[in-house]
Asker: 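Following this message is one structure expressed as structure tokens.
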Amino acid sequence: MPLTPDQGRRYSNANPFTIRFPMFDGAKQVNCTITSEALQDIAAPDRRQFEPIETLFEFYRPLVEEIASQKYDDGALVDGEILVVKSDV
């Protein structure tokens with residue numbers, strides 16, 4: 001079952017090299033993280049890779065959420081969470 005986006009569009013970047021964001025499997029929250037390297041690779045074709053990772057995440061969030069949802073469907077959880085890395089994009 002695909003994950004659904006957080007309606008509040010929340011995210012956290014307490015670590016300067018990752019963005020954490022929630023998605024949902026029904027009522028169950030699934031914590032997801034994407035690395036700055038993965039975001040920069042997503043943005044590179046548009047020549048936006050040098051923008052702040054918060055800006056990249058907000059702009060490419062639908063694609064990031066799609067990748068995270070696919071990883072969840074594939075059962076690729078690490079300690080109960082989804083981690084999107086460079087090799088996923």
Side-chain angles (χ1 to χ4, degrees):
M1 172 186 222
L3 293 175
T4 57
D6 174 41
Q7 295 302 312
R9 301 192 51 84
R10 298 171 292 160
Y11 69 90
S12 167
N13 65 327
N15 176 330
F17 301 106
T18 62
I19 298 278
R20 291 180 51 98
F21 59 100
M23 292 188 74
F24 292 88
D25 180 354
K28 176 185 169 191
Q29 180 172 312
V30 177
N31 294 317
C32 304
T33 301
I34 185 165
T35 65
S36 58
E37 274 189 330
L39 279 167
Q40 290 164 341
D41 277 8
I42 290 170
D46 298 327
R47 296 191 169 118
R48 298 185 68 168
Q49 69 269 28
F50 299 112
E51 294 181 24
I53 65 168
E54 300 85 2
T55 302
L56 297 178
F57 179 72
E58 290 172 4
F59 188 82
Y60 294 103
R61 187 172 188 152
L63 177 57
V64 170
E65 291 172 336
E66 183 180 318
I67 294 166
S69 182
Q70 184 60 54
K71 287 193 76 165
Y72 183 79
D73 287 347
D74 293 343
L77 283 91
V78 177
D79 297 326
E81 298 189 5
I82 297 295
L83 176 61
V84 178
V85 296
K86 184 176 182 157
S87 61
D88 296 320
V89 299

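The model shown is predicted, which means the values in this text are computed figures rather than measured ones.
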Asker: Is the shortest heavy-atom distance from the side chain of Ile82 to the side chain of Thr33 under 4.5 Å?
Answerer: no
Asker: Are the side chains of Val30 and Phe24 in contact, using a 4.5 Å heavy-atom criterion?
Answerer: no
Asker: Taking distance alone, no hydrogens or angles, what donor-acceptor pairs closer than 3.5 Å link side-chain atoms of residues 34-43 to residues at least two apart or in another chain?
Answerer:
from  : atom 1 : to    : atom 2 : distance (Å)
Thr35 : OG1    : Ala38 : N      : 3.1
Ser36 : OG     : Phe17 : O      : 3.4

Asker: Applying side chain to side chain donor-acceptor pair (under 3.5 Å), run through Asp6 and Tyr11 and close with a yes or a no.
Answerer: CA-CA 9 Å; Asp6 174 41; Tyr11 69 90; over 6 Å; no
Asker: How many angstroms lie between OH in Tyr60 and CZ in Arg48, if you round to the nearest 0.5 Å?
Answerer: 5.0 Å
Asker: Nearest heavy-atom pair of Ser69 and Pro2: which atoms, and what distance?
Answerer: OG-CA, 3.3 Å
Asker: As an exercise, state the distance from CE of Met23 to CG of Asn31, rounded to the nearest 0.5 Å.
Answerer: 11.5 Å
Asker: Taking only residues two or more places apart in sequence, or in another chain, which ones meet Glu54 in a salt bridge (Lys or Arg N to Asp or Glu O under 4.0 Å)?
Answerer: none
Asker: Distance from Phe21 atom CZ to Arg10 atom CZ, nearest 0.5 Å?
Answerer: 12.5 Å
Asker: Going from CG on Leu3 to CD on Glu66, what distance comes out if it is rounded to the nearest 0.5 angstrom?
Answerer: 12.0 Å
Asker: Among pairs that include at least one residue of residues 76-89, which meet side-chain hydrogen bond (donor to acceptor under 3.5 Å, both in side chains), considering only residues two or more places apart or in two chains?
Answerer: Arg20-Glu81, Lys71-Asp88
Asker: Any carboxylate oxygen within less than 4.0 angstrom of a Lys/Arg side-chain nitrogen, looking at Arg61 and Glu58?
Answerer: no
Asker: Out of curiosity, does Leu83 fall in the hydrophobic cluster containing Val89 (side-chain heavy atoms, cut-off under 4.5 Å, transitive links)?
Answerer: no
Asker: Does any N or O in the side chain of Asn13 come within less than 3.5 Å of the main-chain N or O of Pro16, such that one atom is a donor and the other an acceptor?
Answerer: no
Asker: State yes or no: do Leu63 and Val84 share one hydrophobic cluster built from I, L, V, M, F, W and Y residues joined by side-chain heavy-atom distances below 4.5 Å, directly or via other members?
Answerer: yes
